[in-house]
Structures are given as C-alpha cells and as structure tokens.
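Reminder, nothing fancy here: chain letters follow the sequence lines and each chain counts from 1. Quick caveat, the model's predicted, so the values are computed rather than measured.
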2 protein chains.
Amino acid sequence: MKINKELMKGSTVILMMKQLEHRDMYGYEMAKRIEQQSDGLFAFKEGTLYPILHMLEVERLVEAYWGEENGRKRKYYKLTDAGRRTLVEKEREWSLFSTTVSRLIGEGRA
Amino acid sequence: MKINKELMKGSTVILMMKQLEHRDMYGYEMAKRIEQQSDGLFAFKEGTLYPILHMLEVERLVEAYWGEENGRKRKYYKLTDAGRRTLVEKEREWSLFSTTVSRLIGEGRA
DNA sequence: CATCTATACATCGTTTATCTATGTATCGTA
DNA sequence: TACGATACATAGATAAACGATGTATAGATG
C-alpha cells in the first residue's frame with residue numbers, strides 16, 4: 001500500500017531528527033535508513049531531504065561537519081542541545097496528534 | 001499543546017468523511033463536532049472546510065442536498081457508496097502510516 | 001433598539017512542504 | 001566503458017491548508 005504523500009507532511013522532520021538521536025549521520029544515510037526501517041513505505045527524495053537539513057542547520061537544531069570515507073565526501077549532521085529539546089517536544093506532539101486522530105476515527109465505529 | 005498544522009495535512013479529509021459515516025451532516029456541524037471530539041485540538045477554518053466538501057462532491061464521494069431548520073439554510077452531505085469504499089481505504093492507510101511512524105520513533109529509544 | 005456573537009455558507013490569494021527535474025562527481029561492477 | 005548506486009545541491013512546479021473577506025440570519029446582551 002502506498003501512503004498519500006500529504007499524510008507525510010509534518011512527520012518528515014521528526015523522522016529525520018530521530019535518526020540523529022544516537023549517532024551522527026549524513027543525509028543520504030538517514031534517508032536510506034528510514035526507507036529500510038519503514039519497509040520501503042517512506043522514501044524521501046533528495047529534493048525533500050537536503051532542504052530540510054539545511055533548514056534545521058539554519059535553525060541551529062543540527063550542526064554539520066564534513067567527513068571523508070572511501071574517498072567519498074560526506075556531510076555529517078549532529079543534533080544540538082536545542083535540537084534534542086525540540087525532538088522531545090515533537091515526539092509529544094506526534095503522540096498527541098496520532099492518538100487523537102485514531103480516537104476520532106475509532107469513535108465513528110460506535 | 002498546539003499541533004503543527006503541517007501534521008494535519010492529509011488527515012483532514014478522512015476526519016470529515018468519518019463524520020458522515022452514520023448520518024448526514026452539514027459542513028459547519030462537521031467542523032464543530034471534530035473540534036469538540038478532539039477537545040479543541042483540531043479546529044478547521046472555513047477556508048479549509050468548504051473547499052474540501054466541494055472537492056469531495058466533484059469526486060462523487062459525497063452528495064449534497066439543501067435543507068432548512070429554524071429558518072436557517074443548511075447544506076447536508078451524504079456519503080456515496082464510492083465514498084464509503086474510499087473511507088475504508090483511507091482508514092487502512094492512516095493505520096499503516098501512524099503505526100509505522102510510531103514504530104520508527106519508538107525504535108530510536110533502543 | 002442596537003450591537004455583538006454564533007451560526008452557515010462561500011471564495012480569493014498566500015504560504016509552504018514536498019516533489020520533479022536537473023546538475024555535479026565518485027565508486028564499484030558488468 | 002557504460003551503468004547504477006552513492007552523495008551532495010538547487011530551481012521550479014504542485015497542491016493542501018490557511019488567512020482574509022464577504023454575505024446573511026438567529027439569538028443574546030446591554
């Protein structure tokens with residue numbers, strides 16, 4: 001089943017930030033991991049991925065630094081303290097939102 | 001807590017169609033009921049509400065008819081058979097989407 | 001009686017998240 | 001050597017929801 005792309009809006013940022021919770025990653029890696037973890041359900045395009053990372057950097061929620069592995073330049077991202085606080089808030093927001101929608105949908109089944 | 005409006009995108013249509021599952025309603029009524037059922041969390045503006053209803057009508061997922069109560073004209077909406085099939089599909093879609101996001105967010109907590 | 005709020009419909013223009021398309025460049029493989 | 005995967009980036013298109021605005025009636029409040 002394919003998910004309506006409009007549903008994805010608003011959850012993309014939290015999914016990406018969550019990837020950075022335990023270790024630094026580069027953009028392409030984050031996208032591939034989300035794709036794997038979701039069994040191919042969520043697949044971000046580059047046109048979505050990189051602008052979000054740049055925006056998070058401008059907002060000081062992540063910091064970027066260049067690394068090199070196997071002769072390949074990679075731009076690693078790291079959550080800032082502000083980023084971690086924002087992530088916690090966004091998780092609470094997601095939880096409230098999803099349980100509320102599920103409840104409203106469930107209520108109809110009376 | 002206020003919900004990021006971007007999260008709402010994509011779930012608005014299903015919430016509105018769900019209201020029509022058990023009885024016909026007029027637009028304003030649907031919006032107010034959703035607001036009450038969500039404890040004020042979801043509040044649709046008219047600029048959101050009516051264009052969606054018109055779109056659903058064009059797509060033959062709902063049918064509209066005018067009624068009058070207490071000297072007040074009301075436009076009632078009714079789910080078509082196609083609308084009911086679409087609703088079932090959208091419910092499955094929401095379920096898959098929300099459980100997947102929750103799983104990915106939960107996984108980070110390892 | 002005048003004014004305000006809630007009800008009830010509607011539409012136009014704006015905002016913005018994501019996508020599509022395009023570009024650069026390197027690595028491994030067939 | 002040609003292709004696909006990796007890895008970055010951005011410009012323009014698309015489309016959902018919003019803000020603002022408009023019309024009109026009912027009921028409450030002063």
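OP1 or OP2 of C:dT18 has not a single side-chain nitrogen or oxygen of A:Lys45 nearer than 4.0 Å.
The separation between A:Asn4 atom CG and D:dA15 atom C1' is 11 Å, rounded to whole Å. Counting to the nearest Å, the C1' atom of C:dT5 and the OH atom of B:Tyr28 are 9 Å from each other. Taking atom CE of B:Met25 as the reference point, atom P of C:dT7 lies 15 Å away to the nearest angstrom. At whole-Å resolution of the value, CE in A:Met8 and C1' in C:dT16 are 16 Å apart. Note: CD (B:Glu6) to P (C:dT18) measures 7 Å, nearest angstrom. Atom OH of A:Tyr26 and atom P of D:dA5 are 15 Å apart (whole Å). Atom CD of B:Glu46 and atom P of D:dT23 are 15 Å apart (whole Å). As rounded to whole Å, 9 Å separates atom P of D:dT25 from atom NZ of B:Lys73.
Of the residues in residues 48-63 of chain B, B:Thr48, B:Ile52 come within less than 4.0 Å of DNA chain D through at least one heavy atom, sorted by number.
No contact: A:Glu29 has no heavy atom under 4.0 Å from any strand. If you check every strand for non-hydrogen atoms under 4.0 Å, A:Lys9 touches a base.
Two residues, B:Arg72 and B:Phe44, neighbour DNA chain D, and the one matched to the more 5' nucleotide by heavy-atom proximity is B:Phe44.
A pairwise comparison of heavy atoms in A:Glu91 and B:Ile105 identifies OE1-CG2, 3.5 Å as the closest pair.
Proximity of a side-chain donor or acceptor of B:Arg74 to a complementary backbone N or O of B:Met25 within less than 3.5 Å is not detected. Checking side-chain atoms of A:Ser102 against main-chain N and O of A:Ser98 turns up a donor-acceptor pair under 3.5 Å.
Atom CE of B:Met16 and atom CD of B:Gln19 lie 9.0 Å apart (nearest 0.5 Å).
Taking A:Ser38 as the reference, A:Leu41, A:Phe42, B:Thr100, B:Leu104 meet the side-chain contact (heavy atoms from CB on, under 4.5 Å) condition, with sequence neighbours excluded.
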Practice problem: Check step by step if side-chain contact (heavy atoms from CB on, under 4.5 Å) holds for A:Leu96 and A:Arg92. | Solution: CA-CA 6 Å; A:Leu96 179 59; A:Arg92 252 203 294 268; over 6 Å; no
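Here ring pair (Phe, Tyr, Trp, His ring centres under 6.0 Å) pairs that include residues 43-66 of chain A, with residues two or more places apart or in two chains, are A:Tyr65-A:Tyr76.
Here D:dA9 is the nucleotide among C:dA10, D:dA9, C:dA17 with the atom lying nearest to any side-chain atom of A:Lys75.
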